[in-house]
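Structure, as structure tokens:
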Amino acid sequence: MFGKLSWAAVPLDQPIPLIAGAVVLVAILAVVVWVIVAGHLPYLWREWITSVDHKRIGVMYVLLASVMLLRGFSDAIMMRAQQAVAFHSQGFLPPEHYNQIFSAHGTIMIFFVAMPFVIGLMNLVVPLQLGVRDVAFPTLNSVGFWLTATGALLVNVSLVVGEFARTGWLPYPPLSELTYSPGVGVDYYLWSLEISGVGTLVAGINLVTTVLKIRTKGMSYLRMPMFCWTTLASNLLIIAAFPILTATLAMLILDRYLGFHFFTNEAGGNVMMFMNLIWAWGHPEVYILILPAFGIFSEVVSTFSGKPLFGYRSMVLATMAICIISFMVWLHHFFTMGAGPNVNAIFGIASMIIAVPTGVKIYNWLFTMYGGRIRFTTPMMWSIGFMVTFIIGGLTGVLVAVPPADFLLHNSLFLVAHFHNVIIGGVLFGAFAGYTYWFPKAFGFRLHEGLGKAAFWCWLIGFYVAFMPLYAAGFLGMTRRMQHYDVPEWRPWLIVAGVGAVIITIGIIFQVAQLVISIRDREKLRDLTGDPWDGRSLEWATASPPPVFNFAVLPNITGEDAYWAMKAKAKARGQAEPKEPDYEPIELPRNSPTGFVCAFFATVMGFALIWHIWWMVIAGFIGAFATFVAFAWRDHDEYEIPADEVARIDRINLAERRNLVTAAGSV
């Protein structure tokens, strides 16, 4: 009745996952009980769980990413500690558990930290920057988020029921085939990524349609903020690349479940086809993550330098060049496969060429800062730290794009250091910059500056202490994913790397403290104007947090840096805003439980497919299908906010802005 599921699936003989799982379960139950007892459940259901407001969904994406960052970083701490002590010994993690940890770490950090973080920021900000009320498909936006959450949930369930993959964050066959991985670990990986991948694809379609089709009046392509351009490029890559991932994992599922042999050499398949397909998705994925971070840095550097972005059109061109060239470099991940010098040379040259538009961006940011009145706020600190760190990561990337050098460095810790150099120094620093920069827009109060800067310095120093030694260990020949080792030359570098992980841990503690203290002191940190940074784009033209309709009257754009131009005109007139507009009723989409209910049935189906509980698979499928049918047959999918209510809300915001101008004039 329950397929392969039995009490043997619970790791009663492994205290670390059992205790970790118990702590997580108790924490979740405590939160649920508190929410119910305190009477918050109706509010959460109405305002968050069933919300189709892009701002709420963006916040939930970022919250999911933050929670999963703690989960993924706990794996990183265990790996660094294991390698620091596992010299001439087995350490404290058995090999099978260590293999699960590094597989879960990579999977979580890419798919459930970096992806939700950047998608969340895009959801929150892009409609505001475009001057519109919501994304193109609000309910599908909710579905995309909850499917991503389903994938994250299934990965965490593997901690206490069954096991996770031991293959690494990409399940290379033949190791991932049923012969060598007969347990359910690879199945947890496959189904969690298939489900969350659908959610990501839905988000990509939604954001591309939003940018291309529903900009406010006057917002031509070359008047869009740079973050909107990088959002467009990133989500075009999602639409093009994620179907490749879905199809590749589907073929591996058919291999494991129905005895197909897509990737079995001796049965007519080809294992290298998996490598080509997974990296045809995998390298564009790097740019899916880093392009939104580039957009964030563009907004932050321009705002805190008090200048328009230098070379805006060259930045647009560089962004779209990266979008295209990123599909021409995937083979540099396996130069050692034996494709021959001609193929390797072509992909090596393409890998070097893609560094050119990235270098253009660095110069754009530097020239934007040059001659500006720079304010060294926390978002600006993350941006400057990124520039230095990312240049190092980019240069080491060019190095491993040279086939002869890659033959020596392939599969070594040098590669691990390079990858983290780009992802932490680029994507994560960008996510933290955007989180700090747009936090007051989302919640109406700023984050504590002192703790934010302390967190930045711990992350920056901790990163260098943790990962620069891995470059050295890689040069000394240490390969990645080693549970223990016997070479004394490697040990000092790994101990130093462990110290770096501790410093990063302190940085995370500062970030948690920053959030807690900022919430406690939110009245002192309150943003009453909607424009705490003296911003340049349209998200700062509305209240903080914005009303559900974003703009009482959709703005009319006449040039770049739309809000900066509006403020200049207002100052010239001597008042914050022109005469009061004619308010009209606004129609908005109704909240919908469709996303949450679909995610519930997707969780049931995913878990049942992993454990071969076929009746549960059928029940989950019927439930999901019925949910979509019910959604499609809704008669009333919108509600109306009366003009009087729109006017009342907008007048409060206008009054605060007038007070700001008056106060500034008196100073």
Side-chain angles (χ1 to χ4, degrees), residues 17 20-21 24 27-28 57-79 100-123 141-160 163-165 167-171 185-204 234 238 241-242 245-246 249 278 281-282 285-286 288-290 292-293 419-420 423-424 426-428 430-432 434-435 508 511 595-596 599 602-603 606-607 610:
V24 171
I28 292 172
I57 292 172
V59 169
M60 289 192 290
Y61 265 116
V62 172
L63 179 60
L64 172 67
S66 301
V67 171
M68 295 304 288
L69 175 62
L70 297 177
R71 164 73 170 86
F73 189 74
S74 66
D75 290 336
I77 285 288
M78 285 193 284
M79 285 190 291
Q100 290 182 58
I101 284 174
F102 69 65
S103 301
H105 170 74
T107 304
I108 287 169
M109 288 300 198
I110 294 297
F111 293 102
F112 302 113
V113 176
M115 286 296 295
F117 220 137
V118 296
I119 291 175
L121 292 173
M122 289 188 285
N123 256 294
N141 201 22
S142 172
V143 172
F145 165 73
W146 286 109
L147 289 179
T148 302
T150 292
L153 177 61
L154 287 175
V155 170
N156 284 288
V157 168
S158 71
L159 188 67
V160 289
E163 61 180 4
F164 195 65
T167 55
W169 78 281
L170 292 177
V186 174
D187 301 322
Y188 266 112
Y189 176 97
L190 292 171
W191 289 113
S192 64
L193 263 61
E194 288 285 59
I195 293 168
S196 65
V198 172
T200 301
L201 183 59
V202 165
S234 175
I238 285 175
F242 263 79
L245 175 68
T246 301
L249 298 184
I278 204 71
W281 159 81
E285 167 67 7
V286 174
I288 288 169
L289 297 176
I290 198 65
F419 186 75
H420 285 80
I423 297 300
I424 293 178
V427 179
L428 208 53
F432 291 155
Y435 160 75
I508 292 176
Q511 286 176 303
F596 182 78
T603 304
F607 186 81
I610 290 162

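Computed from a predicted model, the values in this text were never measured in an experiment. Values reported hereafter were calculated over all heavy atoms of this structure, with side chains retained and with hydrogens, waters and symmetry mates removed.
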Residues at least two apart in sequence or cross-chain that pass ring pair (Phe, Tyr, Trp, His ring centres under 6.0 Å) with His105, listed by chain then number, are none
Interatomic distance, CG@Leu245 vs CD@Glu194, rounded to 0.5 Å, equals 7.0 Å
All heavy atoms of Leu69 vs all of Val113, minimum pair found to be N-CG2, 3.4 Å
Here the side-chain hydrogen bond (donor to acceptor under 3.5 Å, both in side chains) pairs for residues 63-75, sequence neighbours left out, are Arg71-Asp75, Arg71-Asn156
> Going through the distances and angles, do Ile423 and Phe419 end up as a side-chain contact (heavy atoms from CB on, under 4.5 Å)?
Replying inline: CA-CA 6 Å; Ile423 297 300; Phe419 186 75; 3.7 Å; yes
Sequence neighbours excluded, the answer for side-chain hydrogen bond (donor to acceptor under 3.5 Å, both in side chains) partners of Gln100 is none
ask   = Mind checking whether Ile238 and Met115 have side chains closer than 4.5 Å, heavy atoms only?
value = yes
Residue pairs passing the side-chain hydrogen bond (donor to acceptor under 3.5 Å, both in side chains) test with at least one member in residues 144-154, sequence neighbours excluded, are Thr150-Thr603
Residues at least two apart in sequence or cross-chain that pass side chain to side chain contact (heavy atoms under 4.5 Å, CB included) with Ile77, listed by chain then number, are Phe73, Ala501, Thr505
Separation between CG (Leu63) and CE (Met68), nearest 0.5 Å, reads 12.0 Å
Taken to the nearest 0.5 Å, the spacing of Ser192 OG from Ile610 CD1 works out to 7.0 Å
Q.
Main chain of Ile288, side chain of Ser234: is a donor-acceptor contact present, judged purely on distance under 3.5 Å?
A. yes
Closest non-hydrogen atoms of Ala293 and Val427, given as atom of the first, atom of the second and distance, are CB-CA, 4.2 Å
Original post:
Below 4.5 Å, heavy atoms only, C-beta onward: do Tyr61 and Val118 meet side chain to side chain?
Top reply: no
The side chain to side chain contact (heavy atoms under 4.5 Å, CB included) partners of Val59 (sequence neighbours excluded) come to Trp48, Ala442, Phe443
Between the CG atom in Leu70 and the CD atom in Gln511, the distance rounded to the nearest 0.5 Å is 9.0 Å
Contacts of Thr167 meeting side chain to side chain contact (heavy atoms under 4.5 Å, CB included) (sequence neighbours excluded), chain-then-number -> Ala165, Pro171, Leu175, Ser176, Ser181, Val186
Of all heavy-atom pairs linking Met109 and Gly72, the shortest is CE-C, 3.4 Å
One should read off an interatomic distance between Ile195 CD1 and Thr246 OG1, to the nearest 0.5 angstrom, of 11.5 Å
ask   = Less than 4.5 Å apart, any side-chain heavy atom of Leu147 and any of Val202?
value = no
Ile119 and Ala203 have their tightest heavy-atom pair at CG2-CB, 4.1 Å
Nearest heavy-atom approach of Leu154 to Phe607 is CD2-N, 4.0 Å
Across all chains, not counting sequence neighbours, the side-chain hydrogen bond (donor to acceptor under 3.5 Å, both in side chains) partners of Trp191 are Tyr257
Answer whether the closest heavy-atom distance between the side chains of Ile101 and Met79 falls below 4.5 Å. yes
The reported gap from CG in Leu64 to CZ in Phe117 (rounded to nearest 0.5 angstrom) is 10.5 Å
Heavy atoms of Ser196 and Gly151 approach each other most closely as CB-CA, 4.2 Å
Taken in chain and number order and not counting sequence neighbours, the residues that satisfy side chain to side chain contact (heavy atoms under 4.5 Å, CB included) with Thr107 are Phe111, Phe112, Phe164, Trp169, Tyr189, Leu193
*Can you find a pair of side-chain heavy atoms, one from Ser142 and one from Ile57, that are under 4.5 Å apart?*
yes
